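As structure tokens, the structure follows; a few thoughts come after it.
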There are 2 protein chains.
Amino acid sequence: MTVTASVPRTPRAATLRKQEAILAEAERQFARFGFEGVSLDSIAAALELSRQNLLYHWPSKEELYRAVLDSVMDEWLANMNAITQAGEPRAAIQAYVADKLRFSRERPSGNAVFTREMMAGAPRYADVLKAQVMPLLHADVARFERWADEGRIRRLDFMHLMFLIWSSTQAYADLGAQFSLYMGKPALDDADFERARGLIVNLIWRSLAV
Amino acid sequence: MTVTASVPRTPRAATLRKQEAILAEAERQFARFGFEGVSLDSIAAALELSRQNLLYHWPSKEELYRAVLDSVMDEWLANMNAITQAGEPRAAIQAYVADKLRFSRERPSGNAVFTREMMAGAPRYADVLKAQVMPLLHADVARFERWADEGRIRRLDFMHLMFLIWSSTQAYADLGAQFSLYMGKPALDDADFERARGLIVNLIWRSLAV
DNA sequence: GTCTATACCTGGATAGAC
DNA sequence: GTCTATCCAGGTATAGAC
């Protein structure tokens, strides 16, 4: 009899850690090059794995891609309740913009994967976007409308306002590399995000305030 | 002797028209699926050409891709002088936002190809972006600074203001399909662009006006 | 200028040994 | 759970006939 049998060779924790590493690397690469621009080989190579090993953990490239999107969506949904939860318009704007920018700062790749998917017409994720994002958007717009009805904010085109908030904050994830290049620095820092936050919030609030 | 020899079989005009058709189709496909997501076959098929014929007109896929970017850049540079040319801040903002949105409306694919390239870190076009776009951006910021010095506008962070103008207008090209889907219509129409223009201009001017 | 044929490679995915 | 071997589709690009 050997002692090896009693020792668990591949603890579940290690496997989970590896799968998370794969997800993270996949997210990074999909963000830059899109679904078709990434090969399983390039993901595996970055982690010093073989492509075959990677396919052991996910049945296909597409499943891996959807797993990345699911993971981002989970975090996004957990963070993006700012407007509908807030009881007060100004606080809602401040919280929403700050949350969105923080998400852009902390998970730029995850954000960019989404943008790419949407630019392509969401061929692999339209169902989730329509089921999850669209209702949130309409709820936010409705909340603004109610505040306008109550005379607490001026009435703007709130749908397009949401598009502006969304695109101007998202850009700090998708185009952060370009922005920093144009400003002559290696990467965006906390101060840049703080300046962006201040500018966006002030711009919006100056137009909303009665 | 035959008469055919005296008749030019392939007039230059037809060739040019074909090359323009190729460029246009390539732009449309690169916009949606990115450089790697597009095959020469799919471009050729859409034009009812063979891939080989396509490669007769351009030496390689990469050359075709750069030709698309060059073509977009030419038009962009011709349109984007609004701020530096205007003598008056409010007119400058109005013209700039209107021009940028019009460009998003008239050439959404061209705009999207650029966004994709920048998201990837401009692996195939960084030289041109640095040489052409960056000086324009800094000139625009400098113009705002001068107007602020003269007390004609309030001082904001003009670099980030440019980022906001850029991203919020660009979104109507890159994400137009998503926006229209969220609004429950088949495509964005003139009224949508007009609403976007009004919102963005008003938002900015309310913060700039002294 | 356009076509057929072909070279050559990359990439996703499966089978099976260990 | 990881590796080697292999299959096969699709892709870029070139050669050469017409």
Side-chain angles (χ1 to χ4, degrees), chain A residues 2 4-23 25-69 113 116 120 123-124, chain B residues 2 4-23 25-30 32-69 116 120 123-124:
Chain A
T2 64
T4 54
S6 63
V7 178
R9 249 49 188 357
T10 49
R12 210 203 298 254
T15 300
L16 281 179
R17 236 179 299 121
K18 178 180 260 185
Q19 289 180 344
E20 269 163 38
I22 293 173
L23 270 180
E25 181 60 29
E27 179 177 314
R28 198 154 37 232
Q29 297 203 19
F30 284 137
R32 281 176 73 97
F33 307 112
F35 181 78
E36 296 90 349
V38 171
S39 70
L40 294 178
D41 251 340
S42 65
I43 297 172
L47 299 164
E48 296 184 310
L49 296 175
S50 69
R51 169 181 63 204
Q52 293 85 344
N53 190 342
L54 200 153
L55 278 169
Y56 170 76
H57 294 282
W58 273 273
S60 71
K61 181 183 180 181
E62 185 138 356
E63 294 277 334
L64 173 59
Y65 179 75
R66 280 191 72 105
V68 168
L69 285 171
V113 178
R116 279 193 177 273
R124 282 171 253 271
Chain B
T2 64
T4 54
S6 63
V7 178
R9 251 39 186 5
T10 48
R12 212 203 295 257
T15 301
L16 281 179
R17 235 180 300 122
K18 180 180 257 184
Q19 288 179 345
E20 268 162 40
I22 294 172
L23 272 180
E25 181 61 29
E27 180 178 313
R28 197 156 34 233
Q29 296 203 20
F30 283 138
R32 278 179 75 93
F33 306 111
F35 182 79
E36 296 90 350
V38 171
S39 71
L40 294 178
D41 251 341
S42 65
I43 297 172
L47 299 164
E48 296 185 309
L49 296 176
S50 69
R51 167 182 66 207
Q52 293 86 343
N53 191 342
L54 200 153
L55 279 169
Y56 170 77
H57 295 282
W58 272 273
S60 72
K61 182 182 180 182
E62 184 138 359
E63 294 277 334
L64 173 59
Y65 180 75
R66 281 192 69 106
V68 168
L69 286 171
R116 280 192 174 273
R124 281 172 253 269

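Within every chain, numbering begins at 1; the chains are lettered A, B, ... in the order of the sequence lines, protein sequences first and strands thereafter. Note that this is a predicted model, so its numbers are computed, not measured.
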Looking only at atom types and distance, does a side-chain atom of B:Q29 sit under 3.5 Å from a main-chain N or O of B:S42, one as donor and one as acceptor?
-> yes
Using a cut-off of less than 4.0 Å, is there contact between a side-chain N or O of A:S39 and OP1 or OP2 of C:dT10?
-> no
Can you check the A:L54 CG to D:dG1 C1' distance for me, whole Å?
-> 13 Å
Give each protein N/O atom lying under 3.5 Å from an N/O atom of nucleotides 4-7 of chain C, with the pair distance.
from  : atom 1 : to    : atom 2 : distance (Å)
C:dA5 : N6     : B:Q52 : NE2    : 3.1

Do the side chains of A:W58 and A:I22 get nearer than 4.5 Å, heavy atoms only?
-> yes
Is A:E25 salt-bridged to A:R28, cutoff N-O under 4.0 Å?
-> yes
Under 3.5 Å, is there a donor-acceptor pair between the side chain of A:R124 and the main chain of A:R66?
-> no
To the nearest angstrom, how far is A:L47 atom CG from D:dT2 atom P?
-> 12 Å
Return the value, rounded to whole Å, for the distance between atom CG of A:D41 and atom P of C:dC9.
-> 15 Å
Contact check, side chains of A:L23 and A:Q19, non-hydrogen atoms, under 4.5 Å = no
Counting only side-chain N and O atoms of A:K18, is one of them less than 4.0 Å from OP1 or OP2 of D:dG1?
-> no
Salt bridge present between A:E36 and B:R116 (N-O < 4.0 angstrom) | no
A:A44 backbone acceptor or donor facing A:R51 side chain under 3.5 Å = no
Contact residues, residues 55-67 of chain B to DNA chain C [heavy atom, < 4.0 Å] = B:Y56, B:H57
note: B:E36, atom CD; D:dG10, atom C1'; distance rounded to Å ~ 15 Å
So, do A:H57 and A:T15 sit near enough that their side-chain heavy atoms are less than 4.5 Å apart?
-> yes
